[in-house]
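A quick write-up on the structure given underneath.
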Amino acid sequence: MFLPIGDSNRLKRIPFQLTTASLVCACVIVYLYQLGLPHPQDIAFIYGYGAVPSVLVGEDTLSASIPAAPSWATPLTYQFLHGGFFHLLGNMLFLWVFGDNVEDSMGHLRFLGFYLLCGVLAFGAHMIGVGLSQQPLIGASGAVSGVIAAYLMLYPRGRVLILAFNWLPIRLPVWLVLGFWIGLQIFSFANAADDGVAWLAHIGGLAAGAALLPFFKAKEVPLFQRAPVAATPTPDAPVSEGAAEVRPERETRPAGEGAEDRPAQRRSGSVPPSGGQGARSSDRAARGPWEGGDGPPRA
């Protein structure tokens, strides 16, 4: 429906969004690795490094033939897997546009902790909805949702450049764009059928981001900032006493597509957890590893 491609807020406390860029690069590298895997190893990789609720709590175990991360680590590793190009593009676009200013408010390492913790709590919300599902959750949407909530709380009066209907560039207030996106997640969760999207993970990530932001941001960074971040006035354009500074907006940045998660494509012949068939789960679902099974939800 829309894609954010830039915003009006300059960095103030850090010279470059190192953590945001590193997260984007990590997700892209993992996705390229996924593309290089033959079938059914690609599905096995999703089950081994996606977050499977029933495996995490010990209800099921994966086949010994599946290389896998320790089950306790999968609420972290699932955040770097994606079920398709547009799934990846959307998440990375939202992360790139909104992540730098949130990182700026926290610092590099605190932002990394904030991002990963939002993703873990988003998976917890997903488990509340699906129970001990045998389907893996994959995707960065839960963590990105936390970033979106934090950005909205920091810069509600900023402006963001979007591609409306994915082609028409228009600049709108942040509160309108992100408020609409948040409302869409809630509406979709309340009304969506079994569409393979882990809407509750998105909502859980939003709640986590809003709750964690006051504890992760620097003390001197205020919430709900009223004015866009301005640049220092140039000598040939001095600012008179009492007048507001007007600072040039930075150039918009390219980024990937939207943040919602979707299920991975259905594939036959993959290896399921030893417990047998299961229901969907995951930020956005990858398709089930067994014949005719549904894939894990994507975030």
Side-chain angles (χ1 to χ4, degrees), residues 3-30 76 79-80 82 88-122 139-162 174-175 177-178 181-182 202 204-231 247 249-259 283 299:
L3 299 174
I5 56 175
D7 66 358
S8 61
N9 291 319
R10 297 176 61 90
L11 299 178
K12 299 167 62 179
R13 303 177 66 252
I14 59 175
F16 178 72
Q17 57 271 30
L18 179 62
T19 300
T20 299
S22 298
L23 289 169
V24 171
C25 289
C27 289
V28 170
I29 291 171
V30 171
L76 295 173
Q79 302 176 39
F80 297 90
H82 288 85
L88 171 73
L89 186 64
N91 281 337
M92 296 304 98
L93 187 154
F94 272 76
L95 175 58
W96 181 255
V97 171
F98 301 116
D100 62 339
N101 293 113
V102 179
E103 181 178 351
D104 188 50
S105 75
M106 300 176 181
H108 304 305
L109 292 180
R110 291 174 70 86
F111 175 68
L112 177 62
F114 171 84
Y115 178 89
L116 295 175
L117 185 54
C118 284
V120 170
L121 294 177
S141 295
V144 172
S145 294
V147 172
I148 288 172
Y151 188 97
L152 181 60
M153 292 176 65
L154 288 168
Y155 306 106
R157 299 178 185 241
R159 299 185 72 80
V160 59
L161 181 65
I162 68 169
V174 166
W175 65 265
V177 173
L178 296 187
W181 187 87
I182 291 171
H202 297 186
L206 287 166
L212 294 173
L213 174 62
F215 302 99
F216 279 81
K217 73 175 185 66
K219 293 181 180 179
E220 66 271 17
V221 175
L223 294 175
F224 306 107
Q225 298 180 31
R226 293 183 173 272
V229 178
R247 301 186 182 182
E249 294 178 347
R250 64 181 175 189
E251 294 181 356
T252 57
R253 301 158 300 186
E257 187 186 297
D283 253 7

If we check side chain to side chain contact (heavy atoms under 4.5 Å, CB included) with Met106, which of these qualifies: Phe215, Phe114, Tyr115? Phe114
Quick check: closest heavy atoms across [X] and [Y], and the distance to 0.1 Å?
X      : Y      : answer
Cys118 : Gly146 : SG-CA, 3.8 Å
Val147 : Gly99  : CG1-CA, 3.7 Å
Ala149 : Ala210 : CB-N, 3.8 Å

Supply the atom-to-atom distance [X] [atom1] to [Y] [atom2], rounded to the nearest 0.5 angstrom.
X      : Y      : atom1 : atom2 : result
Ile148 : Met153 : CD1   : CE    : 14.0 Å
Leu95  : Cys27  : CG    : SG    : 7.5 Å
Ser145 : Leu121 : OG    : CG    : 12.5 Å

Under the ring-ring contact (aromatic ring centres under 6.0 Å, His included) test, which residues partner Phe111, sequence neighbours left out? none
Can you list everything that forms a ring-ring contact (aromatic ring centres under 6.0 Å, His included) with Phe80? Sequence neighbours excluded, please. none
Tell me, please, which residues at least two apart from [X] pass side chain to side chain contact (heavy atoms under 4.5 Å, CB included).
X      : result
Ile14  : Leu11, Glu103, Asp104, His108
Ala21  : Phe16, Trp96
Ala218 : Arg13, Glu220, Val221

Salt bridge (Lys or Arg N to Asp or Glu O under 4.0 Å) against Arg110, all qualifying residues, sequence neighbours excluded: none
Apply side chain to side chain contact (heavy atoms under 4.5 Å, CB included) to the pair Leu112 and Leu23, showing each step before the final yes or no. CA-CA 9 Å; Leu112 177 62; Leu23 289 169; 4.0 Å; yes
Under a 3.5 Å distance rule, please check whether Gln79 uses its side chain to pair with a backbone N or O of Leu116 as donor and acceptor. yes
Is a side-chain donor or acceptor of Ser8 paired with a backbone partner of Arg159 at a separation under 3.5 angstrom? yes
Worked check of side chain to side chain contact (heavy atoms under 4.5 Å, CB included) between Val160 and Ile162: CA-CA 6 Å; Val160 59; Ile162 68 169; 4.1 Å; yes
Steps toward side chain to side chain contact (heavy atoms under 4.5 Å, CB included) verdict (Leu152, Phe98): CA-CA 9 Å; Leu152 181 60; Phe98 301 116; over 6 Å; no
What do the steps show when you test Tyr155 against Asp7 for side-chain hydrogen bond (donor to acceptor under 3.5 Å, both in side chains), and what is the final call? CA-CA 10 Å; Tyr155 306 106; Asp7 66 358; over 6 Å; no
Would you please classify the geometry between the Trp181 ring and the His202 ring as parallel, tilted or perpendicular, with 30° and 60° separating the classes? parallel
Could you check whether any side-chain heavy atom of Leu154 comes within less than 4.5 Å of a side-chain heavy atom of Leu213, counting everything from C-beta outward? yes
Side chain to side chain contact (heavy atoms under 4.5 Å, CB included) evaluation trace for Val97 with Tyr151: CA-CA 10 Å; Val97 171; Tyr151 188 97; over 6 Å; no
